[in-house]
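A quick write-up on the structure given underneath.
Chain identifiers are assigned alphabetically (A, B, ...) following the order of the sequence lines, protein sequences preceding nucleic acid strands; residue numbering begins at 1 within each chain.
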2 protein chains.
Amino acid sequence: MSNAYNRPDQLSPELRRRVLDTARRLGYPGPDPVARSLRTRKAGAVGLLLTENLSYAFRDPAAIGFLEGLALACEDAGTGLLLVPANPEREDVASVHRAGVDGFVVYSVPDDDPHLAAVLERPVPTVVCDQPDLGTVDRVGIDDRGAMYELAKHLIDLGHRRIGVVCMRLARDRNDGFVTPDRQHAAHFHVQRNRLSGLAEAFSEAGVDWSQVPVAERFDHNTASGASGAAQVLDRDPQITALICTSDVLALGAMNEAARRGLRVPHDITVTGFDGIRAGEEAGLTTVRQPVLEKGRAAGKLLLDTNERSRPRSVNLATELIIGKTSGPPRGGAEERWFGP
Amino acid sequence: MSNAYNRPDQLSPELRRRVLDTARRLGYPGPDPVARSLRTRKAGAVGLLLTENLSYAFRDPAAIGFLEGLALACEDAGTGLLLVPANPEREDVASVHRAGVDGFVVYSVPDDDPHLAAVLERPVPTVVCDQPDLGTVDRVGIDDRGAMYELAKHLIDLGHRRIGVVCMRLARDRNDGFVTPDRQHAAHFHVQRNRLSGLAEAFSEAGVDWSQVPVAERFDHNTASGASGAAQVLDRDPQITALICTSDVLALGAMNEAARRGLRVPHDITVTGFDGIRAGEEAGLTTVRQPVLEKGRAAGKLLLDTNERSRPRSVNLATELIIGKTSGPPRGGAEERWFGP
DNA sequence: AATTGGTTCTGAACCGTTACGGTCCTTTCA
DNA sequence: TGAAAGGACCGTAACGGTTCAGAACCAATT
């Protein structure tokens, strides 16, 4: 039976025809994929776990790029890609237990996400992406800290000392407001924690008291959040000369807010992002470009590479500082430098 | 064993604790999802079949919107979404046979796609989207023909009689060039066939000889294709007053080409699209807006609705004609109308 | 003491496939 | 003619759960 479908060489054409004929006559729909998976111990699919609602994956430009790369890798290997529903609001990890997959890719979830813990308990290979190196599973990422440090250096060189920051969510709880240094330090999102830490390091080296820098956190990741975060920072300190956002999406929102206030970028205020998405590029945003598609592809390749010996592996992809037209010297920056620290 | 994990009420807490303890000690990783699926006959996932390479789903704005809606519906139901790799170049339908899913959504594949045939042979519910009504499975779509007819009417009312068309691929073979009426009629892509047919009907009614209208087909769906298609049409007949594209992406490309030639839209030439994507909206494109997200959500709801009695169902969603600033009367249109048919 | 009722626990059957090894038949060659 | 070899076919045992029937046990009732 099985042979008739999958192993035509194991039996005579005559018998094969007869088997297939009667199978059709009996209404047999072909071998059941689930039973086959059980027997062969191959599901033919990899699971993807995201921190956000499933549909978020299709709204965020960076996530879309990552998914495209991952899909590319899956396609090459002829594997399916299973999007695992993991509602961050609920602690329900049943979906992780229920997923019939040969491996997991975990993309940018908080360190303490129960879904991540559930994945790590499953006896399948796993690749974490944009997360701390766990030492036990493969990892793909970038040097968020170093890249942000470079961006900060660029701003410092331009003369900026009085700055504000808008960042994405730092933990699983919603906190749309200013962030204490403690919260920054304890942030459960690896990416945000490292980007902030790169900023803190660079500006501290330049003599800025980081604890006085207004950092506005936003739970939702869209331009509206960028705008309201920027507004909050500007209300707190109208004197800032640069607004650093930890993503391009937030930065685009911040630019909207700047425009709304009649502030010209970069003359009145410098705005920077992070990611290197298309819309940011079109806006001439100063940012760090990271290879999101390559990140997805690398994660898929790592997961589907059957060479077990070399696990766990850790891959860091290169980023590039893009100096666009949204950054410039602070207004009256030259004079300020004379009086600066 | 099973009860200890899934049915805590069926046994004493004491025994449950003992079972779980020894399970952990023996390194038991929890119930195997595949074996469970086999027994319960529930995979906890729905499959998505696309005509294009998997990664295309993340590059095309309309596809992304559809996926977002579908993901939303899956999330509500706690189901996973399996992207089935279906390379259109190969006839390899094994991926369809291998997919452990409770149902399929088939999105805009050609009528004669072997993957579609393979899906229909599987004994699971199926929803086809942007495809002809098969009568045997659920269907979600829009009235492509009627919507394009309305758009054509708008152009006819403005006075356009000499037009050109750029359309997406009509069949599985690559044909980057002009399309004969025969090929239009025999097109294997339901959506394109109907949009062209709506155009043909409207313009024929207005006295235009449709067989003389240049229709350029492009296999790849991106702005470059839109530009080259527009170029081909304009080279053939520089006198056309309107360029009708069967998608917004193509239309944006066509506008690039118009600009390259120094043609001003809509003063020198009218350009229209179809879909209602964000980028088109920002460009002020005259187009037909269709609810892509709702389409995906409706497909998911239909598939996950367990009420079998009412199958098969057919859902048509409403579209809206958006008159933007890329359509206007033809240059000297008023005079031409005096001499027109 | 025997019956009844209820709860907790155990064991076996089954889901549908694939892998494997054994039987049987045919062919080849000494 | 007999033995060895090879090919075709078939039967059976997992794979790892879930489910359900019924055994075992305990307490309450007759």
Side-chain angles (χ1 to χ4, degrees), chain A residues 1-45 47 78-80 82 84 93-104 118-119 121-125 306, chain B residues 1-45 47 78-80 82 93-104 118-119 121-125:
Chain A
M1 180 76 232
S2 163
N3 287 340
Y5 279 88
N6 311 317
R7 226 48 72 80
D9 51 312
Q10 293 293 310
L11 49 104
S12 61
E14 140 71 7
L15 177 66
R16 178 177 147 87
R17 198 188 44 71
R18 244 180 51 228
V19 170
L20 261 44
D21 269 9
T22 45
R24 202 183 327 269
R25 196 158 41 72
L26 264 46
Y28 173 74
D32 179 308
V34 175
R36 184 210 302 263
S37 288
L38 174 62
R39 185 62 238 235
T40 59
R41 322 199 59 80
K42 283 259 146 281
T79 333
L82 179 71
V84 178
V93 297
S95 55
V96 172
H97 289 141
R98 219 187 304 272
V101 296
D102 300 322
F104 279 99
V119 164
E121 273 174 12
R122 295 252 330 237
V124 292
T306 48
Chain B
M1 178 77 233
S2 165
N3 287 339
Y5 279 89
N6 311 316
R7 228 43 77 82
D9 52 312
Q10 294 294 306
L11 47 99
S12 60
E14 141 71 6
L15 177 67
R16 178 177 147 87
R17 198 187 46 71
R18 243 179 52 228
V19 170
L20 259 44
D21 268 9
T22 46
R24 202 182 327 270
R25 196 158 40 72
L26 264 46
Y28 174 74
D32 179 307
V34 175
R36 167 189 306 192
S37 288
L38 174 61
R39 183 62 236 236
T40 59
R41 321 199 61 80
K42 283 259 147 280
T79 332
L82 179 70
V93 296
S95 55
V96 172
H97 289 141
R98 219 187 305 271
V101 295
D102 299 322
F104 278 99
V119 164
E121 272 173 13
R122 295 258 322 244
V124 292

Nearest-angstrom distance from the residue atom [atom1] of [X] to [atom2] of [N]:
X: B/Arg18; N: C/dT10; atom1: CZ; atom2: P; result: 7 Å
X: B/Arg122; N: C/dG16; atom1: CZ; atom2: C1'; result: 13 Å
X: B/Lys42; N: D/dT19; atom1: NZ; atom2: P; result: 12 Å
X: A/Tyr5; N: C/dT17; atom1: OH; atom2: P; result: 9 Å
X: A/His97; N: D/dG17; atom1: NE2; atom2: C1'; result: 15 Å

Check: Quick one, which residues of residues 29-39 of chain B touch DNA chain D with a heavy atom under 4.0 Å?
Finding: B/Gly30, B/Pro31, B/Asp32, B/Ala35, B/Arg36, B/Leu38, B/Arg39
Notebook entry, point to check: Would you say B/Val124 and B/Asp102 make side-chain contact, with heavy atoms under 4.5 Å?
Noted result: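 SC-SC contact between B/Val124 and B/Asp102 ruled out.
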Minimal non-hydrogen separation, [X] against [Y], with atom names:
X: B/Ala118; Y: B/Val93; answer: CB-CB, 3.9 Å
X: A/Gly100; Y: A/Ala43; answer: O-CB, 3.3 Å
X: A/Ala35; Y: B/Leu38; answer: CB-CD1, 3.6 Å

Item checked: N/O donor-acceptor pair under 3.5 Å between B/Arg122 side chain and B/Val96 backbone ->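 Confirmed, B/Arg122 side chain pairs with B/Val96 backbone.
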Margin query: Taking salt bridge (Lys or Arg N to Asp or Glu O under 4.0 Å) as the cut-off, I'd like each qualifying pair that reaches into residues 19-44 of chain B, sequence neighbours left out, listed once.
Written below: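 Every pair satisfying salt bridge (Lys or Arg N to Asp or Glu O under 4.0 Å) with a residue in residues 19-44 of chain B: B/Arg17-B/Asp21.
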Note to self: Looking at C/dT17, I'd like to know if its phosphate oxygens (OP1 or OP2) sit under 4.0 Å from a side-chain N or O belonging to A/Tyr28.
What the structure shows: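 Yes, A/Tyr28 has a side-chain N/O under 4.0 Å of OP1/OP2 on C/dT17.
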